[in-house]
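Structure first, commentary second.
In what follows, chains carry the letters A, B, and so on, assigned in the order in which the sequence lines appear, proteins first and then strands, with residues in each chain numbered from 1.
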There are 4 protein chains.
Amino acid sequence: MFLTVRSAGRDEERREYLVQCAIEVIAELGVKRASLSEIASRAAITKGAIFYHFTNRKELLDAVFTTVAGRGAGFIQERMAGASGPTARLRAYLEAFPAALLIAPNDIHAMIAVAAEHELGGDPALEEMALAPIEEILREGQRTGEFLDFPIRSMALAIRGTTETLPGYAARHPDLDLTAHGRALADLFERAVTGTVAHNG
Amino acid sequence: MFLTVRSAGRDEERREYLVQCAIEVIAELGVKRASLSEIASRAAITKGAIFYHFTNRKELLDAVFTTVAGRGAGFIQERMAGASGPTARLRAYLEAFPAALLIAPNDIHAMIAVAAEHELGGDPALEEMALAPIEEILREGQRTGEFLDFPIRSMALAIRGTTETLPGYAARHPDLDLTAHGRALADLFERAVTGTVAHNG
Amino acid sequence: MFLTVRSAGRDEERREYLVQCAIEVIAELGVKRASLSEIASRAAITKGAIFYHFTNRKELLDAVFTTVAGRGAGFIQERMAGASGPTARLRAYLEAFPAALLIAPNDIHAMIAVAAEHELGGDPALEEMALAPIEEILREGQRTGEFLDFPIRSMALAIRGTTETLPGYAARHPDLDLTAHGRALADLFERAVTGTVAHNG
Amino acid sequence: MFLTVRSAGRDEERREYLVQCAIEVIAELGVKRASLSEIASRAAITKGAIFYHFTNRKELLDAVFTTVAGRGAGFIQERMAGASGPTARLRAYLEAFPAALLIAPNDIHAMIAVAAEHELGGDPALEEMALAPIEEILREGQRTGEFLDFPIRSMALAIRGTTETLPGYAARHPDLDLTAHGRALADLFERAVTGTVAHNG
DNA sequence: AATGAATGAGGCTTCATTCAT
DNA sequence: GATGAATGAAGCCTCATTCAT
C-alpha cells in the first residue's frame, strides 16, 4: 500500500515486523531453534535483510525482549490501574500475569525464553526492572501496615519465580485453568503477606 | 573376575569424573554452551574419549541430571528426615533447597539447567517427579487439617517456581544470604498454607 | 520477475556445477571417498556452500544420480532411435553402453557407483527402472517370435550385470577397445536370444 | 577345549575365527558399516585384539577376500570336477555360482562386497584370477572347435559380470529361484558360445 | 594374547555473519 | 532496502589406530 513512501518510519515498521516474526518463532520453537533463517522465512524475507535492520542476532533478541517486556508491563499496569491499596494491587498483579498468558501467549513465552538466555551473562539491570514493581507494592504494604513484616526481596523473588515459571508449565499443560490458577496465586500470596485472605471469606 | 570388577570400577570412576566435569561446565556456561569440546577440555581429554564412555551427548547429559538430581534428593531427604508432620516437613524442604545451593551450587545449577532443556524437548514425567514430593506434603497437611484448603497443584507450582528460579538469582547475587532467604521462604509458605507461622511467634 | 528468473538460473547453474564436480570426484574416488570436503575443494568453494544449494549429502548424491542417469538414458535412447525391431534394438542397447563409457566415462562411473550405494541402502524401484527397458525389448522379441524362449528376468539380469560391471573393468584397463567390446557383447547376446547372429554372416 | 595348548596353530585359528566373524558382519552390513567395533563385538573380543592378529583393517579385509575367494574357487572346482569337455565345464561353472550363493551366501556376499571396495585402487592381479578359469574354458572350447569364434575376454567379462552381479540382486530378491536362474544362465551362455543348447533339446 | 582407554583425523551439518550487486 | 551466495567456526559423531598394562 505504502510501497512508494520513503519515510524513516518505514524502517521502524520493518523492525517491528521482524521483531513480531521473531516473537512468534521463539514462542513456537524456543530461542535456541529460532535461527535467523527460520525468522527470515517466517517474515518472508532473506536472512541477509535482517542484518540491514539489526546489527546482529543479539540485537534482534534484545529488541524482542524490550518489546514483549514493554507490552507485558503495559498490560499489567492496565490491569492494576483500577486497584487501590497494596493488597488489591498485589492481587491484580498476580492475576494479571496468567491473564496475559491467556491473551498473548507468544509474548510471554518469548519473554521468558529470551530472559532465560539473557540470564547467563546478561544485563543484571533487567532483573531489577522485573522485581521493582513487585517490591514497590510490598514496601507500600508494609508502610501502610496492611502487610506483615517479611524480607521484601525474598517475597519478591518468590512472586517472580512463581510467575516466571508459569509459562513453561502452561505450555506443557494446556488444560491448566489459568484464571483459577491466577486466583489461587493471589490468595496464596495475599495470605502470605497479610496473614489472611479477605476476598475468600 | 577381579580384572573385570576392577576395570568396571575404573570405567565407572571415569564416567563419574566426566559427569563431574560436565556439571561444572554446565553450571558455569549453561547447557547450551556446554559443548563436548568444552567438557573434554575441562576433563583434559579429547572429545573422542567422551564417546568411549557415553554413547551421546544426550546420554552424558542424562547422567549429569541423574547424578545431580540424585544427590540433591538425597540431601533434601536427609534434611527432612528429622522433620515430622507436614508443617515441619514443608519448612525443612524449603530451607533445604537454598542450603543445597550453598553447599553444592554447581549441582543445583546444572540440575536446573539440564531440567529446563529436558522439559523443552521432552520428558513431562520429569516435571511430575519434581512436583510429587511437594504435593505429597501438601496433601498430607490438608488431610490432617494442619493446612488450609487451597488448590494443591497451584501451591506446588508456586513452591517449585520459587526454588527453581533461585539458583539463577543466587548466581548473579553472590551476596544473597541463602540461609536467611530459605527461612523467609519457609515462613512465607508456612503462612500461606497454615495461615500463621508458629516458629516466628 | 526478471531478477527471479535470472537468479533462479544462476542457482540452477550453480547446482549443476556442483553436481558436475561431484560426478568427477565420485568417478575418481568412489562414492565413499567422495566427501563433501573433497567435492567442495574440487569446486573451489567451502563445504558450507554446498549446503546452500543442497539440503544434505544425500540430496546432492540424488542429484548426481538423476543427472547421470538422465544423460545416460538420453544417450542410449538416441542411439536406439534408428533401430527398429527387437534384435536391432538389443544390439543398439548393448553397443550404446560401451559407447557412452567412451564418451562420458565420468558419468557412467558415477552412475554405477551411486546406484550401488542407493541399492544397498535402498530404493528397489531403481533396480527395476534399470531392468525395465531391457525386459521390454526381450518381451517384444518373444512376442514377435524373433527371440527364442528363455526366462526374461534371467536374461535381463545377465545383460544388466554385463554392462554394470563394465565401467570398473574399463577404468582399470584403459586399453580395452570399447567399440569392439560393445560389438562382441551385441553378438553374444544376439546369439543367446535368437540362436544366430545376422550381422556377422 | 584346547585352551591350554600353546601352539603356533592357536594364532592361525584365531585369525580364521576373526575372518569368519568379519565375513558374517560384512555379509550382513556391507563393508562400509563393518567397522572393527562391530566385528570385534561379533567375535566377543575387543577392538584392540584385532590389531594383535592383523596389522590393520585392510589386512583383515584382504584375509576375508582370500578366504572366501579360496572357498568359492574350491566349491566351483568341485562342481566342475565331474564335467568333461568345455561345454559341460562352462555349464558346471555357471550353475555352480548360484549354487554357492545358496549354500554359503555369507561367503559370496562378503566376497563381492570386498571385491567392490578393492576395485578402486586394488590389486589388478585379483581380477585376472577371477577371469582366468573362465577364459581357460573358453580357450579350450575354441581349440577343440566346440565353441564358436568370439573374443575371449569379452565373453569372459560378460560371464563374470553376470555372476558378480547376482549376489546383490539375490539378496534384494530372496524369492529368486537360484537353481533355475543358474540353469538359465548356463543355457544362455551355452547358446552364446556354441550356437545351440544341447541339454534342452 | 588381549584389554581398556584414549587419540586424532575426518565426516556431516548448522548457523551467524559478510558482502557484492 | 534487500537479495543471493558464500564463508568459517563450531557442533556432534565415527572410527581406525595406538599403547600401557
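Separating the P atom of dT21(F) from that of dA1(E) is a span of 22 Å, rounded to the nearest Å.
Going from atom OH of Y52(C) over to atom P of dC12(E) covers 22 Å, rounded to whole Å. Note: NE2 (H53(D)) to P (dA2(E)) measures 4 Å, nearest angstrom. Between R14(B) atom CZ and dT3(E) atom C1' the separation is 16 Å, expressed in whole Å. Across the protein-nucleic acid pair, I50(D) atom CD1 and dT3(E) atom P stand 10 Å apart, rounded to whole Å. At whole-Å resolution of the value, NZ in K58(C) and P in dT13(E) are 11 Å apart. The nearest whole Å value for the distance from the NZ atom in K47(B) to the C1' atom in dA5(E) is 19 Å. In this structure, the CD1 atom of I39(B) is 16 Å from the P atom of dA10(F), given to the nearest Å. Between the P atom of dA6(F) and the CG atom of L36(C) lies a distance of 15 Å, rounded to the nearest Å.
The residue from V68(A), D62(A), T66(A), V64(A) that alone fulfils the side chain to side chain contact (heavy atoms under 4.5 Å, CB included) condition with V19(A) is V64(A).
In this structure, A44(D) and S37(A) both approach DNA chain E, and ranking their closest nucleotides by distance from the 5' end singles out A44(D). In terms of position on DNA chain F, the residue among A34(D) and K32(B) whose nearest nucleotide sits closer to the 5' end is K32(B). Checking G48(C) against G48(B), the closest nucleotide of DNA chain F that is more toward the 5' end is the one next to G48(C).
Remark: N56(B) is in phosphate contact with dC13(F), judged by side-chain N or O atoms under 4.0 Å from OP1 or OP2.
Of all the heavy atoms in A63(A) and F54(A), the pair that sits closest is CB-CE2, 3.8 Å. Scanning both residues, F65(A) and V114(A), for their nearest heavy atoms gives CB-CG1, 3.9 Å.
For R42(B) (side chain) and A22(B) (main-chain N/O), no donor-acceptor pair under 3.5 Å exists by modelled atom type. Under the 3.5 Å distance criterion, the side-chain polar atoms of H109(C) are matched with a main-chain donor or acceptor of P167(C).
Checked against dA16(F), dA6(F), dT7(E), the side chain of A49(C) finds its nearest nucleotide in dA6(F). When distances are taken from the side chain of T46(B) to each of dC12(E), dT7(E), dT17(F), the shortest belongs to dT7(E).
Taken from NE2 in H53(D) to CD in E59(D), the straight-line distance is 12.0 Å, to the nearest 0.5 Å. Going from atom CD1 of I50(B) over to atom CD1 of I45(B) covers 5.0 Å, rounded to the nearest 0.5 Å.
Backbone-only engagement by S35(D) is indicated by non-hydrogen atom pairs under 4.0 Å involving sugar-phosphate atoms exclusively.
When base pairs are accepted only as Watson-Crick or G-U wobble with both N-N or N-O distances under 3.5 Å, DNA chain F takes part in stems of 3 or more pairs at E:2-21 with F:2-21.
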